[in-house]
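Structure first, then comments.
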Amino acid sequence: MKHVIALDVGGTGMKAALVGADDAQPSGGRIDQRQPQPTTVLHQARRATGRERGPDAVVESILGFAADLRAYGERHFGEPASAVGVAVPGIVDAERGIAVYAANLGWRDVPLRDLLGERLSGVPVALGHDVRTGGLAEGRLGAGRGADRFLFVPLGTGIAGAIGIDGRVEAGAHGFAGEIGHIVVRPGGTPCPCGQRGCLERFASASAVSAAWAEASGDPQADAADCAKAVESGDPRAVAVWQEAVDALADGLVTALTLLDPRTLIIGGGLAEAGETLFTPLRAAVERRVTFQKLPSIVPAALGDTAGCLGAGLLAWDLLSTTPTAPSEVTT
């Protein structure tokens with residue numbers, strides 16, 4: 001059975017799957033999201049990255065995991081994987097297949113595509129940024145399915161974004177498209193590790209809300225989920241912390257939708273797990289801020305922590321659809 005390897009590499013763990021073709025084969029050009037997508041999950045597995053042993057060990061863990069997945073597919077499905085899709089964090093040069101930098105994994109300029117290709121006997125490999133890859137899955141399979149233009153914004157430790165256009169995700173000229181977390185929403189505000197002050201993720205990420213609520217509540221162990229529960233119970237301190245985050249997020253999102261004009265705005269990550277405690281005030285805050293802009297649908301992400309792995313599978317199938325077939329003979 002024809003299948004691909006999908007691998008989602010996180011800071012501490014890796015999620016993987018062998019993904020079959022469903023009824024629809026990928027095709028080049030514009031993606032028709034109305035057609036079935038190749039997402040039959042044949043096998044799933046997880047493994048630690050081993051980052052405590054250093055960046056070289058992380059790379060070896062990825063290569064070894066991929067090799068084991070290839071062997072599993074050959075044993076159980078009669079043939080090795082036809083392609084590999086890998087989602088990694090940090091700065092990614094997808095065109096050259098290089099994992100440029102990831103602070104939480106400690107690597108720099110890792111030629112991951114070539115290394116995987118060598119380990120897996122020349123199988124084609126697609127490398128993608130974790131958030132953009134997750135956005136690809138949300139756009140084709142999840143909350144954005146059917147939308148020709150969407151923006152996916154996960155609210156986690158930081159805030160990033162994926163710009164979806166006709167079933168694909170825009171990386172930008174240098175691979176930095178979608179970094180909405182570094183829109184300045186509070187000029188002169190809290191310093192950000194990026195070098196600016198007042199970036200969106202310093203006010204509206206899950207980690208920012210956790211820090212603000214820990215200080216306001218006097219409980220150093222309190223986090224964003226605790227803040228959401230306190231909001232639901234009517235705690236005025238929690239309401240103030242939550243509203244500050246919602247207002248900052250709305251300011252950043254309105255800037256983004258002014259530039260991008262998405263049809264659907266998909267919010268994911270840990271903060272989105274608060275459900276309507278987040279979405280009801282957020283929709284209202286965005287609506288108050290728009291003037292001439294068209295208000296997009298603001299919806300929760302649908303795929304949770306499976307988005308990165310499913311997106312990696314889509315990268316692999318897309319790669320097969322665009323990889324030229326070698327000619328049977330060469331004429332000189």
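Values in this document were obtained by computation on a predicted structure and should not be read as measured data.
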Checklist entry - Sub-3.5 Å donor-acceptor pair from the side chain of R46 to the main-chain atoms of K15, do we have one? => result no
Checklist entry - R108: what forms a salt bridge (charged side-chain N to carboxylate O under 4.0 Å, His left out) with it, not counting sequence neighbours? => result none
Next on the checklist: Donor-acceptor check, side chain of E201 to backbone of H182, threshold 3.5 angstrom: yes or no?
Outcome noted: no
Item to check | Donor-acceptor contact present, side-chain S210 to main-chain A224, <3.5 Å | outcome: yes
Item to check | Any donor-acceptor pair under 3.5 Å from R140 side chain to G167 backbone | outcome: yes
Item to check | Donor-acceptor pair, side chain of E244 and main chain of F203, under 3.5 angstrom | outcome: no
Next on the checklist: Strictly below 4.0 Å, N to O, side chains only: are R237 and E215 in salt-bridge contact?
Outcome noted: no
Next on the checklist: side-chain contact (heavy atoms from CB on, under 4.5 Å) for R149 and D166? Distances and angles first, verdict last.
Outcome noted: CA-CA 6 Å; R149 300 288 190 278; D166 288 339; 3.2 Å; yes
Item to check | CA sep, side-chain torsions, deciding dist, call: D226, D219, side-chain contact (heavy atoms from CB on, under 4.5 Å) | outcome: CA-CA 10 Å; D226 297 322; D219 178 1; 5.6 Å; no
Item to check | Basic-acidic side-chain contact under 4.0 Å: D261, K294 | outcome: no
Checklist entry - Between F292 and T258, is a side-chain contact (heavy atoms from CB on, under 4.5 Å) present by the stated rule, with each step listed? => result CA-CA 9 Å; F292 66 90; T258 301; 4.0 Å; yes
Checklist entry - What heavy-atom pair brings W242 and A228 nearest, and what distance separates the two atoms? => result CH2-CB, 3.8 Å
Next on the checklist: The criterion is salt bridge (charged side-chain N to carboxylate O under 4.0 Å, His left out); which residues satisfy it with R113, sequence neighbours excluded?
Outcome noted: none
Item to check | Whether H174 and F176 hold their rings parallel, tilted or perpendicular, with breakpoints at 30° and 60° | outcome: tilted
Checklist entry - Would you call D114 and R96 a salt bridge, using N to O less than 4.0 angstrom? => result no
Checklist entry - Is it true that R263 and D148 have a side-chain N and a carboxylate O under 4.0 angstrom from each other? => result yes
